[in-house]
Colleague: 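After the structure tokens below, expect a handful of questions from me.
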Amino acid sequence: MKDMGEWNPYYMNFSGGMYREPRLFPWLYLYGSFSNYRNLWNSPERMEDEADAKRLQELYPLMARRLAPYVEEVCDELEYPGSMMYDEYLDRLSLLRKCREAWERAKETEDFGEKEPEWEELCDLTGVLLLQEMMRRRRRKREKGIDTFSAR
């Protein structure tokens with residue numbers, strides 16, 4: 001390598017070197033930081049998958065689009081080591097409780113108007129959204145090389 005500023009993907013991924021991330025113009029990095037660009041350079045398929053997932057979520061039916069943020073909140077709370085979300089065999093009763101929790105949050109903040117659906121009508125939809133979000137997060141952890149299944 002001739003120069004420290006020379007672009008070299010192998011050198012940039014080396015964490016023990018003297019290279020530091022440039023932070024002069026953070027608005028230039030649309031995906032957060034320079035390190036995200038290194039990760040995207042190494043796997044452009046992952047970047048395409050994320051973009052596809054966002055486009056497909058925009059095509060969800062109206063009720064699914066309204067429930068999705070609350071399902072994501074529930075999954076955010078479950079994202080810790082040893083969580084039930086990363087169990088090899090998921091418990092159906094725990095999943096139903098988390099679905100119910102997402103529905104209760106949605107009911108508190110959303111205004112459904114006169115046609116507010118009952119829990120029985122949305123149980124399946126909320127369950128599918130929860131399982132899909134959990135699967136996406138488990139896959140992301142697996143891609144990072146983190147063991148998702150907790151050894152208990």
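These figures come from a predicted structure and were not determined experimentally. Residues take their numbers from the sequence shown, with the count starting at 1.
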Colleague: In chain order, what residues pass the ring pair (Phe, Tyr, Trp, His ring centres under 6.0 Å) check against F112, with sequence neighbours excluded?
Modeller: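 Once residues adjacent in sequence are excluded, the partners of F112 under the ring pair (Phe, Tyr, Trp, His ring centres under 6.0 Å) criterion are W103.
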Colleague: Could you tell me the separation between the CG atom of L125 and the CG atom of L130, rounded to the nearest 0.5 Å?
Modeller: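 CG of L130 is found 11.0 Å from CG of L125.
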Colleague: Is the number of heavy atoms from other residues, nucleotides or ligands within 6.0 Å of CD (E118) greater than 12?
Modeller: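 Count not over threshold, so no.
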Colleague: Ignoring hydrogens, what is the shortest heavy-atom contact between C99 and G127? Give both atom names and the distance.
Modeller: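 In terms of heavy atoms, the two residues are closest at SG-CA, 3.3 Å.
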Colleague: Hey, which of E110, K107, R105, E104 is the one that makes side chain to side chain donor-acceptor pair (under 3.5 Å) with Y70?
Modeller: E110
Colleague: Between D76 and R137, does a salt bridge (Lys or Arg N to Asp or Glu O under 4.0 Å) hold up when you go through it step by step?
Modeller: CA-CA 10 Å; D76 286 342; R137 290 173 189 237; 2.8 Å; yes
Colleague: Taking side chain as C-beta onward, heavy atoms only, is E77 less than 4.5 Å from E101?
Modeller: yes
Colleague: Please report the interatomic distance CG(L131) to OG1(T126), rounded to the nearest 0.5 Å.
Modeller: 11.0 Å
Colleague: Let me check something: any side-chain donor-acceptor pairs from residues 53-61 under 3.5 Å, sequence neighbours excluded? List them with distances.
Modeller:
unit_1 : atom_1 : unit_2 : atom_2 : d
R55    : NH2    : D52    : OD1    : 2.2
Y60    : OH     : Q132   : OE1    : 2.9
Y60    : OH     : Q132   : NE2    : 2.9

Colleague: Would a single hydrophobic cluster contain both W119 and V74, if residues Ile, Leu, Val, Met, Phe, Trp and Tyr are joined by side-chain heavy-atom contacts under 4.5 Å?
Modeller: yes
Colleague: What distance separates M85 CE from R138 CZ, expressed to the nearest 0.5 Å?
Modeller: 8.5 Å
Colleague: Side chains of C123 and L96: closer than 4.5 Å at any heavy-atom pair?
Modeller: yes
Colleague: What is the distance from atom CZ of R65 to atom CG of L129, rounded to the nearest 0.5 Å?
Modeller: 12.0 Å
Colleague: State the CG-CZ distance between D91 and R97, to the nearest 0.5 angstrom.
Modeller: 7.5 Å
Colleague: Counting only N and O atoms by type, is there a donor-acceptor contact under 3.5 Å from the side chain of S83 to the main-chain atoms of L78?
Modeller: yes
Colleague: Of all the heavy-atom pairs spanning L90 and D87, show the shortest one and how long it is.
Modeller: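 Smallest heavy-atom distance, with atoms named: CD2-O, 4.0 Å.
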Colleague: Decide yes or no for M84 and K98: does some side-chain heavy atom of the first lie under 4.5 Å from some side-chain heavy atom of the second?
Modeller: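 With C-beta onward as the side chain, the pair touches.
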Colleague: Rounded to the nearest 0.5 Å, how far does CG of D111 lie from CZ of R66?
Modeller: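 The CG atom of D111 is 7.5 Å from CZ of R66, to the nearest 0.5 Å.
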